[in-house]
**Student:** 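I have a structure I would like to understand better, so I am pasting it below and will then ask my questions one at a time.
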2 protein chains.
Amino acid sequence: MRTRRGPYAKSAERRQQIVEQAYRAFATRGYHGSSLREIAAASGISLSNLQHHFATKEELLVTVLTRRDEQGHGAVSGRQGLPFREHVLAQAAANEGVPGLIALYSILSAEAVTQEHPGHAYFAERYEALREEYEAEFSTLRAQGRLRPGVEPALAATTVIALWEGVQLQWLYAPDRVDAGAALRAYLDLVIVPQADAL
Amino acid sequence: MRTRRGPYAKSAERRQQIVEQAYRAFATRGYHGSSLREIAAASGISLSNLQHHFATKEELLVTVLTRRDEQGHGAVSGRQGLPFREHVLAQAAANEGVPGLIALYSILSAEAVTQEHPGHAYFAERYEALREEYEAEFSTLRAQGRLRPGVEPALAATTVIALWEGVQLQWLYAPDRVDAGAALRAYLDLVIVPQADAL
DNA sequence: GTCTATATCGGGATAGAC
DNA sequence: GTCTATCCCGATATAGAC
């Protein structure tokens with residue numbers, strides 16, 4: 001299906017504008033705190049026009065989340081093959097470079113803990129998938145004898161994710177006083193031992 | 001000033017009921033997601049009556065936060081004198097025992113990252129105070145030679161707080177699959193070496 | 001595709017009787 | 001202290017003209 005030409009060209013463009021502004025709004029005021037009016041105004045269109053492209057607020061939220069997911073995975077796929085430690089740090093650094101991305105995830109993931117929130121399923125699945133992926137990586141490291149003795153892969157996976165998200169939140173409150181990357185690196189260096197042949 | 005007897009006795013009681021229900025509401029739906037109407041209904045009183053006791057929604061939020069703070073510190077003050085590691089774990093375990101408390105802090109601390117949020121100052125100061133307190137504790141441990149070499153007290157303080165909050169969030173999504181206490185304990189055991197004379 | 005106009009609802013806040 | 005009634009606003013959503 002072509003979208004760059006033809007009758008849907010303008011629509012696709014509009015949708016992208018809207019998603020961009022919705023992203024900014026959700027990242028600063030959360031889902032409940034944002035209004036379709038402000039997103040429409042920021043997009044330079046009327047409220048009704050926005051609703052012509054996205055029937056409901058929930059549809060807009062889901063679009064924002066999945067859209068960012070695709071872009072995020074795209075940025076990472078170019079880095080495949082990196083060792084786990086470097087992969088995580090690169091991913092974190094990449095996220096830091098995208099304005100508002102950290103705020104978006106921090107705010108929405110907390111807001112969506114309640115079952116009724118439109119983003120609940122998304123984040124529940126996201127955490128689950130992340131934990132499984134990281135646990136597998138830590139298990140591989142352990143098989144290579146590169147995991148510090150006593151460190152459980154499943155627990156380490158949960159911990160890395162938790163640490164990263166928690167330090168991001170503190171960073172949002174006090175960017176000058178919190179170094180998110182350093183905290184993540186320090187933890188990884190605590191649990192992962194250097195590659196033997198690299199010495 | 002006496003509050004248990006006299007003309008203000010009923011008022012204090014009402015206020016406590018309201019704060020309790022507001023606490024439940026904020027802990028499940030956040031600040032923006034909660035309405036004074038629902039809190040009033042849960043308290044068994046009218047909206048106007050609630051507003052007679054708390055003029056604004058913001059005043060109610062601040063009251064909920066500070067009230068919980070006082071109760072929290074009260075619970076901890078009975079545990080003073082414990083070593084840092086045990087102190088942190090006890091505090092965490094105590095929080096787990098209070099229904100909704102973790103949800104309250106998780107949801108509100110993320111919601112309040114934006115400057116305009118009524119709870120912003122509270123959480124900014126809370127993080128700052130916590131970091132300073134924990135950094136001092138880690139510094140003491142280092143002076144006693146009980147901190148693993150290479151571990152920075154300031155970074156460890158930020159990390160403990162981040163890890164704790166992050167793992168709580170995952171726990172809210174999947175209580176069966178995440179063990180918050182175990183993750184916290186595992187990290188502390190990574191950075192703190194056992195007391196020498198305890199062997 | 002885009003707009004104006006409006007419907008409908010729920011929010012916080014206020015007035016005033018009892 | 002507590003209520004009913006109401007105001008005013010802003011929210012999502014819909015109808016229909018252009």
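The sequence lines fix the lettering, A, B, ..., with proteins before strands; numbering per chain opens at 1.
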**Student:** Give a yes-or-no answer on whether the side chains of B:Y105 and B:N95 include a donor-acceptor pair shorter than 3.5 Å.
**Tutor:**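 On atom types as modelled, these side chains do not qualify, holding no pair under 3.5 Å.
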**Student:** Flag the pair B:R29 and B:E38 as a salt bridge only when some basic side-chain nitrogen lies within less than 4.0 angstrom of an acidic carboxylate oxygen.
**Tutor:**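 Salt bridge present between B:R29 and B:E38.
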**Student:** Under 4.0 Å, counting only non-hydrogen atoms across every strand here, what does B:S35 touch: a base, just sugar-phosphate, or nothing?
**Tutor:**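 It contacts sugar-phosphate atoms only.
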**Student:** How far apart are the C-alpha atoms of A:S109 and A:E165, what are their side-chain angles, what is the distance that settles it, and do they pass the side-chain contact (heavy atoms from CB on, under 4.5 Å) test?
**Tutor:** CA-CA 10 Å; A:S109 65; A:E165 298 223 328; 4.1 Å; yes
**Student:** For the CG atom of A:L65 and the CG atom of A:L108, what is their distance to the nearest 0.5 Å?
**Tutor:**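 That separation rounds to 6.0 Å.
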**Student:** Among the nucleotides C:dG1, D:dA13, C:dG11, which one has an atom lying closest to any side-chain atom of A:L36?
**Tutor:**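 Among C:dG1, D:dA13, C:dG11, the one nearest the side chain of A:L36 is D:dA13.
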**Student:** I want to check one thing: is the phosphate of C:dG1, taken as OP1 and OP2, less than 4.0 Å away from some side-chain N or O of A:K10?
**Tutor:**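 The answer is no; no side-chain N or O of A:K10 sits under 4.0 Å from OP1 or OP2.
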**Student:** Given atom CZ of B:R29 and atom C1' of C:dG10, what is their separation to the nearest angstrom?
**Tutor:**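 The answer, rounded to whole Å, is 14 Å.
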**Student:** Base, sugar-phosphate, or nothing: which does B:R14 touch, judged by heavy atoms less than 4.0 Å apart?
**Tutor:**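 The residue B:R14 makes sugar-phosphate contact but no base contact.
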**Student:** Kindly say whether, by distance alone, the side chain of A:S48 makes a donor-acceptor pair under 3.5 Å with the base of C:dA5?
**Tutor:**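 Counting by modelled atom types and ignoring angles, a donor-acceptor contact under 3.5 Å is found here.
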**Student:** Compare the minimum distances between each of C:dT2, D:dC3, C:dA13 and the side chain of A:H53, then state the nucleotide with the smallest one.
**Tutor:**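 It is C:dT2.
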**Student:** Report the nucleotide, chosen from D:dG1, C:dG1, C:dG12, that has the shortest atom-to-atom distance to any side-chain atom of B:H52.
**Tutor:**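 Given the options D:dG1, C:dG1, C:dG12, the side chain of B:H52 is closest to D:dG1.
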**Student:** Nearest to the side chain of B:Q51 - C:dG1, D:dA13, C:dT14?
**Tutor:**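 Closest nucleotide among those given: C:dT14.
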**Student:** Measure from the side-chain heavy atoms of B:L47 and tell me the nearest of D:dG1, C:dA13, D:dA13.
**Tutor:**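 For the B:L47 side chain, the nearest candidate turns out to be C:dA13.
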**Student:** Taking atom C1' of D:dC9 as reference, at what distance in whole Å does atom NZ of B:K57 sit?
**Tutor:**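 In whole Å, D:dC9 C1' and B:K57 NZ are 14 Å from each other.
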**Student:** The side chain of B:I45 is closest to which nucleotide in this list: D:dT6, C:dG1, D:dC3?
**Tutor:**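 Nearest listed nucleotide: D:dC3.
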**Student:** Select one nucleotide: of D:dA13, D:dG1, C:dT14, the one nearest the side-chain heavy atoms of B:N49.
**Tutor:**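 When the side chain of B:N49 is considered, D:dG1 is the closest of D:dA13, D:dG1, C:dT14.
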